[in-house]
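Notes follow the structure.
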Amino acid sequence: MHHLTSKLIVYKNISNNSILYQLSKLFKQYETNDYNKEELINNIYIQINRLLNIATEYGFNKNLWHNYLSFLLATVENPFTLVSEKIGPQDGTVNQFAKNDFKIFKELFDYDFRNIEQDLNINCFSVIENYHAIIKKDQFYNKEVSLKIQELSENIENTKNTDELYAVVTNFYKKYGVGKFGLNRAFRISHNPDKEFLIPITSLDDVTLDDLIGYEIQKEQLINNTESFVNGNKANNVLLYGDAGTGKSTSIKAILNQYYLQGLRIIEIYKHEAKYLNKIISQIKNRNYRFVIYMDDLSFEESESEYKFLKALIEGGLETNPDNVLIYATSNRRHLIRETWDERRSDSDSGDMYRNDTIREKLSLVDRFGVTIGYYKPNVKEYFNIVKVLASKEPKINKTNEELEEGANVWLRTHGGPSGRTAQQYINYLLSND
């Protein structure tokens, strides 16, 4: 195995700490007969354990060795893979080097572990090549990545030569992209120094815009802006404002699901993380995706100054705002800033002759959003309609419209004002008491 991995060129930047390279070193010891048997077996088991951990995280199944090699091919970012995600199979001299590496990966896929197993009296490689994973719930592993990796693994298994493998992998890059931005839909900031700065959000709702009852004008505005964005045309930053529980956050999640396959990605940050906006931009500005930086429930108190980072980004003050980045924010406040009585005072005795300028600067933040979309609480009639539509999607609920209205009205009196959230909570109550 070592004689194979040492000849990689394009994929040379695979981490030396990867399972592939660590196993390669162990196999070199075996091939040169330079090892202590118990120590070698123990070190092999350590790498197998790492492989099982990855398999658990991504829900791999059947041939874990093939899944792992496919995972490497899908996630390693280098000039060849990054260009391939933009144009797919490519011409040029680099293909000679790439096909050299794909020939090596083909040999790694077909690697025969029987000799080392027999000599060391172990069977771990046979086990991982015929693995039957325990069925897990979607939220327990990264299903989104798992399905793509296993698809790639099966397609590579069916290739007969290097040219076919080259076509399979480069078409995968073109279809799905490469690395974490290619394989995942949404991301957040990690404050763990042992992890990357931006990490995937692996458990996402499969909500669609049709799941949000009503708000047709609002959804159309959001669709029009987002479609223009993903199609490479001019688009605006968007502020969704209005009452709690009306579907602002749901709309953002649904728009991601609708346009993910067209290259839309979302990075969710909180207002206290606004100081990292410049760092985020530096990591995504040259990628072949359209990124929405999503700030949920955005508002700023009197003493908070993080709004300046957001304002500077929108105006291009931190760094030239790239064409593949927009800000989508939701807020319960139309103007984002909570004004206090002190901020409204204008008398010179206040000790701050520039207070009015400060107020105007804060309130002007909303003007930096080219599209503002209002979400308002439904009236009682609209609320009843939402309940009926949601109930019609649940076969377990067998109530007449009159019974639904009566129950929804009682629920409303003890659970706040009418909203889509209140309606959904009532439906959940009916399902839990069925």
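Predicted model, so just to flag it, every value in this text is computed and none were measured.
Nearest approach of Leu240 to Lys248, heavy atoms of both residues: O-CD, 3.5 Å. Residue Phe229 comes nearest to Asp323 through the heavy atom pair CE1-O, 3.4 Å, listed as atom of the first residue, atom of the second, then distance. Shown here for Val178 and Ala74, the closest heavy-atom pair between the two residues is CG2-O, 3.3 Å. The two residues Trp411 and Thr422 make their nearest non-hydrogen contact at NE1-O, 3.4 Å. Considering all non-hydrogen atoms of both residues, Ala186 and Leu256 come closest at CB-CD2, 4.1 Å. Nearest heavy atom pair, residue Ile255 against residue Leu264, reads O-CD2, 3.7 Å.
Checking Glu85 against Tyr176 by side-chain atom types alone, no donor-acceptor pair falls below 3.5 Å. There is a side-chain donor-acceptor pair under 3.5 Å between Ser249 and Tyr294. Side chains of Asn158 and Glu154: a donor-acceptor N/O pair is absent below 3.5 angstrom, by distance only. There is no side-chain donor-acceptor pair under 3.5 Å between Tyr166 and Thr159. Counting only N and O atoms by type, the side chains of Tyr241 and Tyr376 include a donor and acceptor under 3.5 Å apart. A donor-acceptor pair shorter than 3.5 Å cannot be found between the side chains of Asn231 and Ser228. No donor-acceptor contact under 3.5 angstrom links the side chains of Gln425 and His415, judged on distance only. Side-chain polar atoms of Asn257 and Arg185 form a donor-acceptor pair below 3.5 angstrom. Side-chain atoms of Gln424 and Arg421 form no donor-acceptor pair, as typed in the model, at a separation below 3.5 Å.
With Ser282 contributing its side chain and Lys279 its backbone, the two residues share a donor-acceptor pair below 3.5 Å. Side chain of Lys219 to backbone of Leu209: a donor-acceptor contact under 3.5 angstrom is found. For the pair Asn161 (side chain) and Asp163 (backbone), a donor-acceptor distance under 3.5 Å is present. Side-chain atoms of Asn324 do not come within 3.5 Å of backbone N or O of Arg290 as any donor-acceptor pair. A donor-acceptor pair under 3.5 Å is absent between the side-chain atoms of Asp101 and the main chain of Leu8, judged by distance alone. Checking side-chain atoms of Tyr328 against main-chain N and O of Met295 turns up no donor-acceptor pair under 3.5 Å. Side chain of Ser190 to backbone of Phe197: no donor-acceptor contact under 3.5 angstrom is found.
The environment of Glu196 atom CD is sparse: at most 12 non-hydrogen atoms of other residues, nucleotides or ligands sit within 6.0 angstrom. No more than 12 heavy atoms of other residues, nucleotides or ligands shown are found within 6.0 angstrom of NZ on Lys7. Around the CZ atom of Phe109, the shell of radius 6.0 Å holds more than 12 heavy atoms that belong to other residues, nucleotides or ligands. The local environment of NZ in Lys381 is sparse, with at most 12 non-hydrogen atoms from other residues, nucleotides or ligands closer than 6.0 Å. The neighbour count for Tyr276 OH, taken as heavy atoms of other residues, nucleotides or ligands under 6.0 Å away, does not exceed 12. More than 12 heavy atoms of other residues, nucleotides or ligands lie within 6.0 Å of CD in Glu394, so this atom counts as buried by the packing criterion.
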If you apply the rule salt bridge (charged side-chain N to carboxylate O under 4.0 Å, His left out), what do you find for Glu129 with Lys62, and how did you get there? CA-CA 6 Å; Glu129 288 182 315; Lys62 299 179 182 178; over 6 Å; no

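Thr372 contributes atom OG1, which lies 7.5 Å from atom CD of Gln221 (distance to the nearest 0.5 angstrom).
The pair Lys175-Glu151 counts as a salt bridge, with a side-chain nitrogen and a carboxylate oxygen less than 4.0 angstrom apart.
Using cut-offs of 30° and 60° on the angle between ring planes, the pair Phe125 and Phe113 is parallel.
Applying the side chain to side chain donor-acceptor pair (under 3.5 Å) rule to pairs touching residues 14-26 yields His2-Ser24, Thr5-Ser24, sequence neighbours excluded.
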